[in-house]
There are 2 protein chains.
Amino acid sequence: MFIADLETPAIVVDLDVMERNISRMAEYCRSHNLRLRPHTKSHKIPELAKRQLDQSANGITVAKIGEAEVMLEAGITDMLIAYPIVGTGKAEKLADLATRADVSVSLDSVAVAEAISEAAKKRDARVGILVEMDVGFHRCGVTNEEEVLAVARAVADLPGLEFKGLMFFPGHLQVPEKERAELRAGVNDFLGASLAKLEDAGLRVDVVSGGSTPTAREGHLFTGVNEIRPGMYIFNDRNMVSVGVASIEDCALSVITTVVSTSVPGRAIVDAGSKTLSSDTHQVTAGKGFGMVKNDPDAEVERLSEEHGNLNIARSPRAYRVGERLEIIPNHVCTTVNMHNRIYGVRGERVETVWEVSGRGKVQ
Amino acid sequence: MFIADLETPAIVVDLDVMERNISRMAEYCRSHNLRLRPHTKSHKIPELAKRQLDQSANGITVAKIGEAEVMLEAGITDMLIAYPIVGTGKAEKLADLATRADVSVSLDSVAVAEAISEAAKKRDARVGILVEMDVGFHRCGVTNEEEVLAVARAVADLPGLEFKGLMFFPGHLQVPEKERAELRAGVNDFLGASLAKLEDAGLRVDVVSGGSTPTAREGHLFTGVNEIRPGMYIFNDRNMVSVGVASIEDCALSVITTVVSTSVPGRAIVDAGSKTLSSDTHQVTAGKGFGMVKNDPDAEVERLSEEHGNLNIARSPRAYRVGERLEIIPNHVCTTVNMHNRIYGVRGERVETVWEVSGRGKVQ
């Protein structure tokens, strides 16, 4: 089968580019002696997680228990659930998982730790715990080194839990390089102070788990970091190009779409809307555009309806005709893949593989 | 089972409210002698389409052939696919459908009509055609009455096709009532001119298919309109409340979510992010907020990560604690439902029904 045989909209992944992305990140980690724990939320496909593990990743990251279960079924047994597990049902599922795999979770409160401990104790399971720090993104995470120590101490004392170290998500560093470097100093101050506190208290820190794709290759510049959790790097996207951590040639994933209408002057309407690309805005150019039309930088994916991509082609030098196909690089691959039940691996014009996005749509 | 037993995030639909929404729209259409063809993209659930048909809807609207197939399997045989069907494979599937159901599609070009005619001819099928008009939203649709006539004439002459009438989507009227009334005049001018042209040409117009939920109950104010295609009205959402066509009490659908972190001052983090709510922005208040927290108007769903809803609670008078559950009314129900594999129908605190979102994730 060839790309031209696929009905649109369809997600295709250039296997050569993807394989290069996987190898490069593995190589970077090897050369800096960092553990690599790719975040599989970007694809939710066990076969791709395995390709990452084959290239010297040390384990994977997932966002949900349901995703962890899908990965475990496929034989992957070293997982970090980088999300606070809250609720009795979820804590019990987590403890079940921990009897069958090497599972850690992140959390930022003693209450969450206690509930997990309760469930783990009942099953004689052992759940690894990373204390999450808020290094500036202001989402989850304790906000100072006193709290780091307080939660870590409580975890170390609770049965069924093993305090493993620290985790942070530097989401506010998804900006161009110069700004990243400035913001990194603040992150390092907090990391240094926390590690000193833990050392003083005699708490052993095995893992300091750091950045996602935008800061992945700067992992060695963060104080104490010995593991990174990039997700998007496997495919890359328009956001990653904009913050300068990937080039367009590094974007493995695109959406193949068909022009369905050119009736309105200055517009081309394609069959990829928000239910195909997701409504995630561009994080750099003040939210402008919902993707990048390959080979026509002058076409803007200006608006999305659910099934219509509304391209402003007023500034484009070329004509668009109904029935022709375009390739769009999405703003954010993670939410785009999440819209689809299957995606296609291609080499040249040939479709080599079909993957089911089997971790998609999990509630918990 | 009770709502409290559901793992979060979960979509619940208050059945009493939904049933009232369905009845009211049916009653409005009866009283104004309008045909009702609900757009089922808002739920993609055959059982709900049937409930709408039971309440005197005349048929349904879908966005894709795949959705039409799911509805046909459930026994629904009168469908409008309100989308230009482009591509040989799709035209053939459409013609197949037309041999088994009463199917119409909208289009705005002779090229699309010719391809469908070709496929229909081969199967001895008959596909109803509505010519789509761009009444101001600037997406699909011909832009003047001369083009309306040209496409309608071509359709009337092509084998396998039946020219049935006109369709428009007044998306630019998703604004408060006063602005809607002003914009309606322009729509009516175009409708009047087109209907006169078609009459002069001796082309019979059976259907003039108009607005979606924001203008649904103004259907009788549009020139010549004898059918409406509202979708969101079955559930309603924050956008519909903001344009004044629903009250909060009319919002049947909400997302049940759990607070997973309150570590960062002024913030509560919940387990409903963009992969649960969708990233669709609020269409009225300059995109502010990704949903409405029920019972706390001072909490703002300020940012979404994939699995984290980041609530700004700095202005809220109440405290939030990890483990408690909140209800969020989404900005846009259609894209929220599309994130889920199943949703729950509830009455009071009791879960009465589980529906599979079986039309979700269709490629074509």
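Numbers restart at 1 for each chain; the letters A, B, ... are given by sequence-line order, proteins then strands.
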Chain B contact via [X] - which portion, at a heavy-atom distance below 4.5 Å:
X        : answer
A:Arg139 : both
A:Asp271 : both
A:Asp108 : both
A:Asp280 : both
A:Val260 : both
A:Val357 : neither

Gap between atom [atom2] of [Y] and atom [atom1] of [X] - 0.5 Å precision:
X        : Y        : atom1 : atom2 : answer
A:Asp134 : B:Ile269 : CG    : CD1   : 9.0 Å
A:Tyr83  : B:Glu306 : OH    : CD    : 11.0 Å
A:Phe137 : B:Ser305 : CZ    : OG    : 4.0 Å
B:Asn338 : A:Thr276 : CG    : OG1   : 9.0 Å

Using a cut-off of under 4.5 Å on heavy-atom pairs, state which of [options] scores highest against chain A.
options                                : result
B:His138, B:His308, B:Arg267           : B:His308
B:Pro9, B:Ser274, B:Ser109             : B:Pro9
B:Val264, B:Asn310, B:Thr143, B:Val142 : B:Val264
B:His332, B:Glu147, B:Arg325           : B:His332

Pairs of heavy atoms under 4.5 Å with chain B: top-ranked of [options]:
options                                : result
A:Cys140, A:Gly89, A:Gly361            : A:Cys140
A:Cys334, A:Ala111, A:Gly87, A:Gly323  : A:Cys334
A:His340, A:Arg342, A:Met339, A:Glu132 : A:Met339
A:Gly266, A:Gly141, A:Pro265, A:Ala115 : A:Gly141

Practice prompt. For the pair B:Lys90 (side chain) and A:Thr8 (backbone), establish whether a donor and an acceptor sit closer than 3.5 Å, ignoring hydrogens and angles.
Written response: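 Such a contact is found between B:Lys90 side chain and A:Thr8 backbone.
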
Toward chain A, the part of [X] with a non-hydrogen atom under 4.5 Å:
X        : value
B:Lys362 : neither
B:Arg360 : both
B:Ser278 : neither

Item to complete: Side-chain contact test, heavy atoms from C-beta onward, threshold under 4.5 Å: evaluate it for A:Glu67 versus B:Glu307 and give yes or no.
Response: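 Result yes, sub-4.5 Å side-chain heavy-atom pair found.
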
Discussion item. Measuring only between side-chain heavy atoms, which start at C-beta, is B:Lys41 closer than 4.5 Å to A:Lys275?
Written reply: yes

Practice prompt. Take atom NZ of B:Lys93 as the centre, draw a 6.0 Å sphere, and report whether it contains more than 12 heavy atoms from other residues, nucleotides or ligands.
Written response: no

